[in-house]
Every structure is written in structure tokens, then in C-alpha cells.
Student: 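First the structure, then my questions, so here it is.
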2 protein chains.
Amino acid sequence: MDETEKLQTHRRGSGVSTVYETLRNEIIELKLPPGSPIDEQQLSDRFSLSRTPIREALVRLAAEGLISTLTNRATIVSNIDFLGLPEFFDALTLMYRVTTRLAAANHAEGDIAAILVQQKAFEVAVSNRDVLGMISTNRDFHIAIAQAGRNRYYVELFTRLLDEGRRILRLYYSSFNDVLPRQYVGEHEEMIQAIINRDVTLADRLASAHADQIVGQIRSYITADSRQTARLAL
Amino acid sequence: MDETEKLQTHRRGSGVSTVYETLRNEIIELKLPPGSPIDEQQLSDRFSLSRTPIREALVRLAAEGLISTLTNRATIVSNIDFLGLPEFFDALTLMYRVTTRLAAANHAEGDIAAILVQQKAFEVAVSNRDVLGMISTNRDFHIAIAQAGRNRYYVELFTRLLDEGRRILRLYYSSFNDVLPRQYVGEHEEMIQAIINRDVTLADRLASAHADQIVGQIRSYITADSRQTARLAL
DNA sequence: TGTATTTTTCTTGTCGACAAAAAGTCGGCA
DNA sequence: TGCCGACTTTTTGTCGACAAGAAAAATACA
């Protein structure tokens, strides 16, 4: 780490949040890969803070499941649990459906505009073939929808799931081609229209199909047979 | 607080968990009512610990939303958000359904036994007219079902929702009569049978009805018209 | 040379103290 | 008497240091 994070003095109380958010981002963006050890002393030097606020930030990350702390031993970035993937897909699909449904039912003044902003950003990322941008703008788009649904419990769980999804997708982002993302743009537009029309049933159906698409795509990445010798004639 | 919590020396690392769990229980059981201030110094004395581990426990509680911390100012037990109750009911109902469904689909060796243990405890609480016991054993029963469903995301959210529900119910526990709880015993038994038979559809329907019951009951408590002068002839 | 045991080192968990921020208090002034 | 500003007190956020536990290294022994 060659970057000296903050040289100027922090405002009292802002330290923990800064550390928390910075580490959170680095974990989700795989800048800190799963399994990598977290050294408190090192972070203390990096942020020019005592170990106490560092520790509080780590406790918050641990509560979110982003890091795992072995008592009295090391603390590491949580591994991606491939065995738990079916559970993950199930919950993700349910949240896609529920949030889109609720958005159609509950959206109010300004929600649509917020959703459109994110959709626009997603479109730009797609046309730029900016794969990492697609992953993160797609997340923002769906969170905007969730927020329009006005249920903080769903928003919170969905955010966690989408961020966990970002970690997984980052592993395979080189596998992205540009045909599926273009399809997503269209699906997003359909969902927005259904939400505007307050067509709950259609919103649900579209979200469900959309979720199946994404889950299917992730599945195909993971199970992709990358053996170069597979087609070898013997 | 006349209770001296722990006089003997703690095992290293066990301190935070102890404080966390103790406070968590006291918050959920309304022993620490919503809005009551949390004094770090006081807790430090009570648990015979430095303020550092106390603080880490508080950070965890804050991450769960059980306490609210005003930066540089006070930290208090979170208020029960009555305005957010519709969201709460919606999420609670969904989790009732999803967990019972999954339990019917995924339960394995030993799960049923664990569920029956909790159901037995609930029955005992009901026949003893132990209202507080009913509230907590009912929670344990449904968490046992959720665990049989094998989805950690749902288990986690459901646990949070049920515990938040315990706080609310405690406020009205004096309103409990013994007719509804007896009905719950029957409904629980039906749900168990559906799970054993792996009848997903029936499990879903029963859970849905059960959730409606409970939500309706809480609603009736909250909106109960307790004005003594209401029937006064004028 | 391989294994068991002790020693060292490193990291984490805990502590007491200090500093900053806010609330509360007191006195002055209109 | 009522309001405003400076001072005091209280509580939180941060710090540097120490102690315990575990891993790694070094040593002793078969």
C-alpha cells in the first residue's frame, strides 16, 4: 500500500466511518481478496489512527459478515461460500421479486426519477463495455427500486445480497460478454414501465425472470468448463 | 443495578460477547426500555471491564439497530418505530411463509425433533399461562423451523424480526388472554405435520394464516381503545 | 534425523488516561 | 425578571501501553 490515506487530522468521530467504508469497498471490489489477513497495526499506520477506532470498524464489518475473526488469532476477509450458493440464489431471487413488487405498489414522487438515473448509468456502462461499472451500476439500479418499495428490512437484506453478488461477479467479470448486458438494459426498461404503471403482477413476473437470468448467468460462469483440452480428439 | 455482574476474572475475549448478549436480552425484554440512555462508564463498572470492550459490544448492538448512537452525544436504546409497523408486518409475514415453506422442502434428520422440543416448551408456557414464556418460546419455535429450512439469510432476518416483535409484544403482554395462544398451539401442530409430510403448499398456506393471526393480534392490541370514558352517556 | 518441548515473537484483547465536544450551570446585564 | 455568554462538568472518541494467547522458532532429546 503506497497510498498514505489521510495526512490531515480527522474530525472527531469520522475516523471509524472512513475506515469502515474504505475497507468495505475494498472487500467488495476484491481489492482485498477473500482470505487475506487483516492486520490492525498495518491499518493503524495506513489511516494514521490508533488501533481502537480501527477495531470498531472491524467489529462493524464482522457484524455484516464481510470479515471473519478467529478469536485471539487472526482476522481475515470472509471467503465466498460456494457451498452456500443455492441459499444465496434463493434469497436473491426472492428479494428481486419482493422489492420490484413493492416498488410498483408504493413508489411515490421522485422515486422513478432516481431509478431512471441509475438505469441511465447502467446503460452508459454497458455501451462503454465497462464491465466493472455494469456490475456496480446494476446494483445501484436495483437498490433504487428497493428504496422505492419503502421497506427498510428488504432494502437492507437486498443490499447485502447484491454486494455479496458483486464479490462473486468480480471473480468472473472477465467472462462477461456484451450480449447479456444489452438484454438486461431491455429488461430493466420493462421493469421500470411496469413500476410506473403500478402493475404489481407484471413487475413481479419481470423481476422473477430477471433474477432467473442473473442466477443462470452466474451459475454458467461457475460451472463453465474451462478445460482447454476438452475438445481434443483422442 | 444492585447486581454485581461478574466478580471473577473473565476469560480473555469472552467479555464482549457476555456484555453483548446480556444487553441484547435486556433490550429485547424491555428491561432496558426504548429511549433509555446507555452509560458506558456505568456498564464498565457493572461488568468490571474497561470501556473498550463495552464499546465494542455497543457497536455490535448498533449494527443490529438495537441501540441508536448520536455521534459525540448520547447513545440510547432504539425506540420502537410504530410508523414503520406496516413494513415490519410485511417482512414478518413473508419470513413466516418462506421459512415454513423451506422447512417442508429441506428438513433433514433431527430437525423435526428440534422443532418438537420448542413446540413442547410453548405448550408448557401456554398451560402455565406464562405470557412472557409464550412470547419467547414462540420465537424459538419459529426459529427452529427456519433453521430446518437451511437458509442463513432468512434465519438471520427472521431472528431480527421476531426479536423486534418480542419487544412490541412485551409492551402489550398484559392484554394477552388465553384463548388465542391455545389456538396457536393447534396451528403449530398443523404446521409441523405439513412440514413432516413435505407438503410445501400446505405449509405455506398455514404459515400465511398463522402470520395473519399474529399480525392481526398485534394490530388489535395497538389500536385497542382503552378510553374508559368512551361509553359514557352524554 | 525426526520429534517433543521450551522459548521467542507476534498479534490480539484489555486497560487507564487524555482530549474534544456537547450539555449543563452560573453569573452578568438589560 | 429574563436572556445571553463564559465557565464547568459530563460523556464520548482516541491514544499509547501492557498482558495474554497462539503461532513460529529454536533447542533438547531419542
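Chain naming here is simple, since letters A, B, ... match the order of the sequence lines and numbering starts at 1 in each.
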Student: Using a strict 4.0 Å threshold on nitrogen-to-oxygen distance, state whether B:Arg160 and B:Glu64 make a salt bridge.
Tutor: no

Student: In whole Å, what is the span from the CG atom of A:Asp45 to the P atom of C:dT11?
Tutor: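 Computing the A:Asp45:CG to C:dT11:P distance gives 11 Å.
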
Student: Could you go through the side chain to side chain contact (heavy atoms under 4.5 Å, CB included) check for A:Ile67 and A:Leu23 one step at a time?
Tutor: CA-CA 10 Å; A:Ile67 64 176; A:Leu23 289 185; over 6 Å; no

Student: Whole Å only: how far is the CZ atom of B:Arg51 from the C1' atom of C:dG16?
Tutor: 10 Å

Student: Quick check on DNA chain D: between A:Arg12 and A:Pro53, whose nearest nucleotide comes earlier from the 5' end?
Tutor: A:Arg12

Student: Describe the nucleic acid contact of B:Leu70 in one word from base, sugar-phosphate, nothing, applying a heavy-atom distance below 4.0 Å.
Tutor: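 If one applies the 4.0 Å heavy-atom cut-off, B:Leu70 turns out to touch nothing in the nucleic acid.
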
Student: Grab the CG-P distance between A:Leu43 and D:dC15 for me, whole Å please.
Tutor: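 After rounding, the gap between these two atoms is 14 Å.
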
Student: Starting from the 5' end of DNA chain D, give me the residue, A:Ser50 or B:Thr75, whose nearest nucleotide shows up first.
Tutor: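 This one resolves to B:Thr75.
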
Student: How many Å lie between CD1 on A:Ile76 and P on C:dT11, as a whole number?
Tutor: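 Taking CD1 of A:Ile76 and P of C:dT11, I get 16 Å after rounding.
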
Student: Evaluate whether atom OH of B:Tyr172 has more than 12 neighbouring non-hydrogen atoms of other residues, nucleotides or ligands under 6.0 angstrom away.
Tutor: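 Yes - once you tally the heavy atoms of other residues, nucleotides and ligands closer than 6.0 Å, there are more than 12.
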
Student: Whole angstroms only, please: what is the CD-C1' distance between B:Gln42 and D:dT10?
Tutor: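 Distance check: B:Gln42 CD to D:dT10 C1' gives 14 Å.
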
Student: Figure out the CG/P separation between A:Leu49 and C:dA19, and round it to whole Å.
Tutor: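 Nearest whole value for this atom pair: 17 Å.
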
Student: Between A:Arg73 and D:dA23, is there a side-chain N or O to OP1/OP2 distance below 4.0 Å?
Tutor: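 Answer yes for this pair, as a side-chain N or O of A:Arg73 is under 4.0 Å from OP1 or OP2.
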
Student: Calculate the interatomic distance between B:Asp39 atom CG and D:dT9 atom C1'; express it in whole Å.
Tutor: 14 Å

Student: May I have the distance from B:Ile54 (atom CD1) to C:dT14 (atom C1'), rounded to whole angstrom?
Tutor: 11 Å

Student: Kindly say whether B:Ile135 contributes a backbone atom to a donor-acceptor pair with the side chain of B:Asn138 at under 3.5 angstrom?
Tutor: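 It does not hold such a pair.
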
